[in-house]
Protein chains: 2
Amino acid sequence: MAPPVLLDLVQQGETISLNAHETLFSEGDPVQHLYCVAEGTMVLSRYSVSGERQIMAFLFPGDFLGITFEKTFILGSETLTKCTLLRLDHSVLGEVAANDPDVWQAMSEVTWRFLRGSMELTFTIGRKSAVSRIASFLLYLSFRQGGFSSPAADISLPMGRQDIGDFLGLTIETVSRCFTKLKETGCIALPSTDRVELINVDALRAAADVVD
Amino acid sequence: MAPPVLLDLVQQGETISLNAHETLFSEGDPVQHLYCVAEGTMVLSRYSVSGERQIMAFLFPGDFLGITFEKTFILGSETLTKCTLLRLDHSVLGEVAANDPDVWQAMSEVTWRFLRGSMELTFTIGRKSAVSRIASFLLYLSFRQGGFSSPAADISLPMGRQDIGDFLGLTIETVSRCFTKLKETGCIALPSTDRVELINVDALRAAADVVD
DNA sequence: CGTACATTTGACATCCTTCAAAATGAGTGG
DNA sequence: CCACTCATTTTGAAGGATGTCAAATGTACG
């Protein structure tokens with residue numbers, strides 16, 4: 001899934017470790033490194049003046065951070081769990097990219113994947129009810145954790161309810177109520193607070209309004 | 001604002017004209033051309049299975065369409081007004097880009113600008129009230145129409161209330177009510193249905209929750 | 001076992017939507 | 001130039017979905 005060219009590159013860099021709920025960089029920090037998540041889960045987010053957080057993306061192993069042509073980060077990044085990351089100096093990336101069009105290609109590919117995700121999120125938040133948003137989110141996690149050919153039926157939730165709410169534009173209470181509702185309607189089971197089993201995927205897809 | 005390299009390129013192509021409310025391309029169509037809006041206003045949008053429209057961006061003169069590495073469009077495009085566009089075959093773009101890193105650079109720049117806009121929209125829809133969304137939207141138009149150094153105080157609305165609603169995740173009624181509310185609070189004046197005057201920009205900024 | 005924190009549930013308020021009707025505005029023919 | 005018609009916008013009233021506030025339950029960790 002992740003472009004091999006970039007993986008190769010980033011594996012030449014250093015490995016860094018972070019604990020859960022640490023900040024890797026903040027909005028406005030100068031862009032110095034290209035990162036790749038090796039283990040753990042992170043978020044990219046933006047805060048309003050009043051301190052509200054909008055999570056723009058969840059990042060899982062294989063995802064990149066810092067693929068940008070901006071001088072400063074327009075999003076902040078925090079860990080949700082313990083994480084290990086691969087890090088490459090941006091100047092090195094620049095040098096390599098100047099001589100290797102494949103690197104440009106790969107960077108564009110990653111950027112476009114991110115853009116698609118961003119538009120998907122806009123669509124989800126703009127046009128869907130709370131239950132639909134949660135259902136969509138669970139299907140998204142299912143794909144991310146199992147791959148597109150074999151979506152996972154047993155999902156882990158490395159993020160808390162607050163994080164999910166900050167992603168989908170909902171409050172924790174609403175998130176919780178929607179989980180309960182999906183459980184009651186037989187779409188999912190909740191064996192524990194950080195785990196979801198997809199019981200009836202068709203019904204879940206219908207709830208997410210992605211019927212085809 | 002628009003990268004000169006791309007403008008030069010696209011000016012070598014053909015000029016096409018469209019009437020108001022025509023479709024330039026639809027979601028899923030093969031990407032064959034790079035377009036640049038010369039005159040008029042357009043939208044990029046996506047439809048849900050139930051036929052609801054989410055507008056992802058408004059396009060004004062100088063904006064590009066079809067800067068993508070995908071084979072097919074992931075968004076559809078429609079005109080709001082009479083438009084003229086400059087069109088360049090994508091194969092030509094590919095050839096030039098292969099030899100000229102400046103073109104890649106410019107394309108990335110445009111992509112990132114679009115991405116920033118997309119995240120701005122996510123933030124607006126996810127975290128703001130109806131009035132805040134409308135206020136933010138008006139400030140956005142003010143910048144687009146006057147430039148960042150001299151935002152316009154007299155704004156034209158080439159889009160209808162439905163379009164604004166489809167952009168901000170609101171109904172036409174709510175959009176209308178918010179306009180009325182902003183008028184009543186002295187932030188704006190509505191000399192006609194497609195025109196807005198910014199009376200009290202500070203108050204509007206406060207309403208938009210972008211105080212700094 | 002006990003504390004601290006996250007999640008769930010409940011009751012109520014609020015905002016936005018929905019449905020319906022009135023007002024406004026643009027285009028057309030008399 | 002004025003009346004007529006159609007589409008769009010505005011306004012009103014009522015309902016519903018989500019947010020807010022508060023309490024209870026559940027879970028992790030010392």
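Quick caveat, the model's predicted, so the values are computed rather than measured. The sequence lines fix the lettering, A, B, ..., with proteins before strands; numbering per chain opens at 1.
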### Qualifying residues under ring-ring contact (aromatic ring centres under 6.0 Å, His included), relative to A/Phe137, sequence neighbours excluded
A/Phe58, A/Phe167
### Message
List the residues meeting ring-ring contact (aromatic ring centres under 6.0 Å, His included) with A/Phe73, not counting sequence neighbours, and say none if there are none.
### Response
A/Phe25
### Summary
Ordered by number, residues from residues 158-167 of chain B within less than 4.0 Å of DNA chain D (heavy atoms) are B/Gly160, B/Arg161
#### Entry: Side-chain donor-acceptor contact under 3.5 Å, A/Lys82 with A/Ser17
no
### Query
ring-ring contact (aromatic ring centres under 6.0 Å, His included) with A/His33: which residues, sequence neighbours excluded?
A/Tyr35
### Task
Select from B/Leu190 and A/Arg133 the residue whose nearest nucleotide in DNA chain D is closer to the 5' end of that strand.
B/Leu190
### Message
I need the NZ-P distance between A/Lys128 and D/dA17, as an integer number of Å.
### Response
18 Å
## Note on the structure
Applying side-chain contact (heavy atoms from CB on, under 4.5 Å) to A/Gln11 and not counting sequence neighbours gives A/Asp8, A/Leu86
Which pairs would a plain distance check flag for residues 177-191 of chain B, meaning a side-chain donor or acceptor within less than 3.5 Å of a matching protein atom at least two apart in sequence or in another chain?
from	atom 1	to	atom 2	distance (Å)
B/Thr180	OG1	B/Ser176	O	3.1
B/Thr185	OG1	B/Lys181	O	3.0
B/Thr185	OG1	B/Leu182	O	3.2

### Task
Identify whether the distance between the nearest side-chain nitrogen and carboxylate oxygen of A/Asp163 and A/Arg53 falls below 4.0 Å.
yes
### Nearest atoms (heavy-atom pairs only) where B/Ser156 meets B/Arg195
CB-NH2, 3.2 Å
### Task
Hey, could you give me each pair passing side chain to side chain donor-acceptor pair (under 3.5 Å) that has a residue in residues 58-74 of chain B? Not counting sequence neighbours.
A/Arg116-B/Glu70, B/Asp63-B/Arg144
### Message
Using side-chain heavy atoms (C-beta onward) and a distance below 4.5 Å, is A/Glu78 in contact with A/Glu22?
### Response
no
### Message
Can you list everything that forms a ring-ring contact (aromatic ring centres under 6.0 Å, His included) with A/Phe143? Sequence neighbours excluded, please.
### Response
A/Phe148
### Terminal axis angle for the helix from C/dC1-D/dG30 to C/dG30-D/dC1, five pairs an end, nearest 10 degrees
30°
### Summary
Going 5' to 3' through nucleotides 20-30 of chain D and flagging B where a protein heavy-atom sits under 4.0 Å of the base, S where only the sugar-phosphate is that close, and - otherwise, we get BB---------
### Message
Salt bridge or not between B/Arg127 and A/Asp166? Use side-chain N to carboxylate O under 4.0 Å.
### Response
yes
### Message
With heavy atoms of chain A within less than 4.0 Å as the criterion, where does contact along DNA chain C begin and end?
### Response
C/dT7 to C/dA11
### Sole residue of B/Val175, B/Thr124, B/Leu138 in side-chain contact (heavy atoms from CB on, under 4.5 Å) with B/Arg133
B/Thr124
### Query
Where along residues 181-188 of chain A does a heavy atom fall under 4.0 Å from DNA chain C?
none
### Task
Give A/Leu170 one of three labels, base, sugar-phosphate or nothing, depending on what nucleic acid heavy atoms sit under 4.0 Å from its own.
sugar-phosphate
#### Entry: Flag for B/Thr122-A/Thr122: side-chain donor and acceptor within less than 3.5 Å
yes
#### Entry: Pair B/Thr174, B/Thr171: side-chain N/O donor-acceptor within cut-off below 3.5 Å
yes
